Structures are given as C-alpha cells and as structure tokens.
Amino acid sequence: MESLPVPSVQAMVAATGGADVPSRYLRPEAAADAVAVAGEDQIPIIDYQRLLLDHGEESARLHRVCQDWGFFQLINHSVPDDVVEGMKANIQQFFQFPAEVKKQFTQERGQLEGYGQLFVVSEDQKLDWADMLYLYTQPPEDRNLRFWPDQPANFKSTLDKYSASVKDIADTLLATMAQNLGLEPEVIADTCVGGIQSVRMNYYPPCAQADKVVGFSPHSDSDLLTLVLQVNHVQGLQIKRNGSWFPVKPLEGAFVVNVGDIFEIFTNGRYRSIEHRAIVDPKEERLSVAAFHSPHIHAMIGPLKEIAAHEDEAYKTVDHEGFMKLFFSAKLEGKSFLGRMKLKSS
C-alpha cells in the first residue's frame, strides 16, 4: 500500500504566496455544491461522563444519533487537558518547522506512514490542498518510530498518551453502541483486541482561491469509529446531510466523532458512515488531528452474524487486510468504496 509522492502544499504556498493555484488543485465542482446556511442546527452532542454513569437516557440518545446523523460531538471526555493541549501544540510546532526538517519523515515507497499525502493513485488525478503526517499508533508493537518526529522534544511521549486515552474512549463508545444494537459488548470488543489505531495530523494552508480547492476530498472513513480534534480555531469540516454540505462547528476541547464504513458493514446498514469533506480558509491555516479505530488485522469484515442472522446480508465479507488494501488503492470519491462492498442484491 502506498500513495504517489506529491509536492508539499505548505511549501508551495510559502514559495509563491499562494495566489496562483496549479491546475491539479482546482476543483470547480466545490463552489457549485450546496452548503447549508450557517446558524442552522448543529450536530448532536453526547456527554461522555453521563454515558459512563450508565445513564440510559444518554445511551438512548447515542443510539438515535448514530442512526440519524452518524456524527456527534463528545464532551466531558476523559483525555486530560494537558495531553489535549500538548497534542495541539506539538502538531502546530511540527508544521511550523522548515521543510527540510519535515522531509526527514517523508513517506517511503510502499509505505502509507509518514509526512506527505494519501490516496494519490495516478499522476493526473485532482489533489487536495493539504499536507499530513500519518502514523500507526496502536497496538504499540506496530509503531514505526522511523516516522515519529523527534521534535518537538515531547512529541513521542505526548502522542503515546493521547493515543492510549483516545483508544479507551473509542472502546467505551463501541461497547455502548454494541449494547444499543442488542449485542453483547464483546461481539465488537473481541474484534478490537489488538485493534488498529492510526492518527492523521492535517495541515490545510490558506488559499486565495479557497472556493476553488478542497482540503480533503469528499469521503467516508473506512474504520469503525473516528475521533477528530480541532487543533486551532479555523473551521472547515463539513458533512453531507439532506443533499447539502453541513458545516461542523467544533466545541472547544470536544471530539467530533463519526461512524465509519466497517461499522456500517458490521451492522448491515443500521448505522451508516457519513460522507464528509474539509474546505480551506482564504486567509488562515487550519489544523486538525483524526484518530481512526479499526479491528485487528486478522478480523473478517462483513455483517455480524448476530445482526444478519434473520435478514439478507447487504455487504460482502472480506478479510481486514484485503479490505484496507482496497481502500487505500483508490482515490477518495464520496462513498464509492463502500458501494463496491455492497452485494448486488442489496
């Protein structure tokens, strides 16, 4: 699995001032897409502490949100403030380093991890207006520290703490979601023993023609559950809802959580992954960090027998390794990947 190398957008903007946008980044369809009016309903909020207290009302709310939205903000979570703020500071500092420093962690042939970009599979496809650092963080034995920056000095230790804390939250949410679906918690939890967590740190440079580029192409996540932390104050995440792009306004310190493709497949469509994208700002950079949570590499990805026992299966069953190779071998294009996982009869 690999992504073709592309120039750093941050370096390009620094060198040219960003007034001229190369043709590979121009996305005329972006400006034509309908966007919901600011001030309309915000995505739902789930209180993590109320869930931990076995609050039936909050658990029922989570179930409705997963069915109706597929996205929510998680407040009162258990990641310590100093770890959250340390993570934010380290990401900001990393992307402020000179290009030659960041290049030490550039992706290598055949690798997804490292500094660069993902989902670039041809020399002529349109590109996202962004740079990123992508790392496997869990289980710890799968980490390739060759790609973990040694500056800032506490980058590795902070990411280690952040990774473990966020995984604990994901595991708790998945157990609650399983119960909400009438399953024993271990039905999903057992697939996550030794489960894969990867972290993607995103840098979206400003663009004078912001309405003609896209920071992150429309897509749904391939995993079970994604937790996104807004690093600075600039917004840009949008979700597809009722045919329009719906702007997400992250609450300070909250996680934006979304259901991924694997969870949709596991539940045979009861919970659905949601298409989303990132736009860029004309004047200011935007930074975020996403933590993706998937089953262990030997898991089978298909409708759970406990759910699909008395109904037609809507999705194929494949091994997780093959599933990931398929996902990373194509450019991002809405929910087209999940469409390839559906059985024709569905």
Side-chain angles (χ1 to χ4, degrees), residues 10 42-52 71-98 101-102 104-105 113-115 130-138 140 143 145 147-173 197-206 215-216 221 223 225-237 247-258 276 278 280-281 283-293:
Q10 184 182 12
Q42 186 48 270
I43 65 171
I45 296 170
I46 297 295
D47 189 318
Y48 187 67
Q49 293 304 316
R50 283 165 65 91
L51 279 180
L52 290 182
F71 260 84
F72 58 91
Q73 298 208 54
L74 189 70
I75 62 171
N76 293 331
H77 56 74
S78 56
V79 183
D81 289 345
D82 63 321
V83 175
V84 169
E85 293 307 315
M87 191 70 188
K88 290 180 179 180
N90 283 344
I91 293 170
Q92 289 177 306
Q93 288 180 51
F94 173 77
F95 284 107
Q96 288 169 0
F97 285 142
V101 174
K102 296 193 287 279
Q104 297 174 34
F105 309 101
E113 286 187 272
Y115 172 67
D131 297 337
M132 60 106 228
L133 177 65
Y134 182 71
L135 301 171
Y136 287 114
T137 45
Q138 297 287 346
R143 295 173 180 174
L145 297 180
F147 297 106
W148 287 49
D150 46 15
Q151 293 294 325
N154 65 343
F155 185 99
K156 293 178 182 177
S157 61
T158 301
L159 180 55
D160 178 60
K161 294 173 187 173
Y162 181 84
S163 162
S165 297
V166 171
K167 186 179 187 306
D168 285 345
I169 293 174
D171 288 345
T172 300
L173 289 174
Q197 181 198 64
S198 58
V199 169
R200 176 179 169 133
M201 291 155 259
N202 303 299
Y203 180 90
Y204 304 99
F216 205 157
D221 295 338
D223 60 348
L225 209 59
T226 306
L227 280 75
V228 177
L229 178 68
Q230 181 85 1
V231 171
N232 67 346
H233 68 282
V234 180
Q235 300 174 11
L237 176 63
V248 175
K249 302 172 186 174
L251 299 171
E252 179 65 31
F255 286 110
V256 177
V257 184
N258 64 278
H276 52 286
V280 302
D281 191 86
K283 296 181 179 179
E284 296 185 272
E285 64 189 14
R286 175 175 177 260
L287 298 97
S288 67
V289 54
F292 305 95
H293 299 87

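Note that the coordinates shown come from a computational prediction; the quantities given were computed from them, not determined experimentally. Sequence positions, counted from 1, serve as the residue numbers for this chain. Just so you know, these numbers use all the heavy atoms, side chains as well, and skip hydrogens, waters and symmetry mates.
Taking CG of Asp131 as the start and CD of Gln10 as the end, the distance is 6.0 Å to the nearest 0.5 Å. Taking CG from Leu133 and CG from Leu159, the interatomic distance works out to 8.5 Å, rounded to the nearest 0.5 Å. Between the CG atom of Leu225 and the CG atom of Leu227 there is a distance of 5.5 Å, given to the nearest 0.5 Å. Taking CD1 from Ile75 and CZ from Arg50, the interatomic distance works out to 9.0 Å, rounded to the nearest 0.5 Å.
Under the 3.5 Å distance criterion, the side-chain polar atoms of Gln230 are left unmatched by any main-chain donor or acceptor of Ala254. The main-chain N or O of Asp221 is never found under 3.5 Å from a side-chain atom of His276 such that the two would form a donor-acceptor pair. In this structure, the side chain of Asp223 does not engage the main chain of Phe292 through any donor-acceptor pair within 3.5 Å. Arg286 places no side-chain N or O within 3.5 Å of a backbone atom of Tyr204 that could act as its donor or acceptor partner. One N or O on the side chain of Gln49 and one on the backbone of Asn76 form a donor-acceptor pair closer than 3.5 Å.
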List the atom pairs, donor and acceptor, that lie under 3.5 Å between side-chain atoms in residues 161-172 and the rest of the protein, sequence neighbours left out.
| residue | atom | partner | partner atom | Å |
| --- | --- | --- | --- | --- |
| Ser163 | OG | Gln138 | NE2 | 2.9 |
| Ser163 | OG | Gln197 | OE1 | 2.4 |
| Ser165 | OG | Lys161 | O | 3.0 |
| Lys167 | NZ | Asp171 | OD1 | 3.4 |
| Lys167 | NZ | Asp171 | OD2 | 2.9 |
| Thr172 | OG1 | Tyr48 | OH | 3.2 |
| Thr172 | OG1 | Asp168 | O | 3.0 |

Listing, residues 91-98 side-chain donor-acceptor contacts under 3.5 Å, not counting sequence neighbours, or none:
none

Should Met87 and Val231 be marked as a side chain to side chain contact (heavy atoms under 4.5 Å, CB included) after you check the CA-CA gap, both sets of side-chain angles, and the distance that decides it?
CA-CA 8 Å; Met87 191 70 188; Val231 171; over 6 Å; no

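Nearest heavy-atom pair across Pro250 and Gln235 is CD-CG, 4.0 Å. Of all the heavy atoms in Phe72 and Ile46, the pair that sits closest is CD1-CG1, 3.6 Å.
By the side-chain hydrogen bond (donor to acceptor under 3.5 Å, both in side chains) test, Tyr203 is found to be paired with Glu285, residues two or more places apart in sequence or in another chain being considered.
Look at Arg143 and Asp160 and you find a salt bridge, because one of the NZ, NE, NH1 or NH2 atoms lies within 4.0 Å of a carboxylate O, short of that distance.
Within a 6.0 Å radius of CG in Asp81, no more than 12 heavy atoms belonging to other residues, nucleotides or ligands are found.
Counting only heavy atoms from C-beta outward, the side chains of Thr226 and Phe71 never approach each other to under 4.5 Å.
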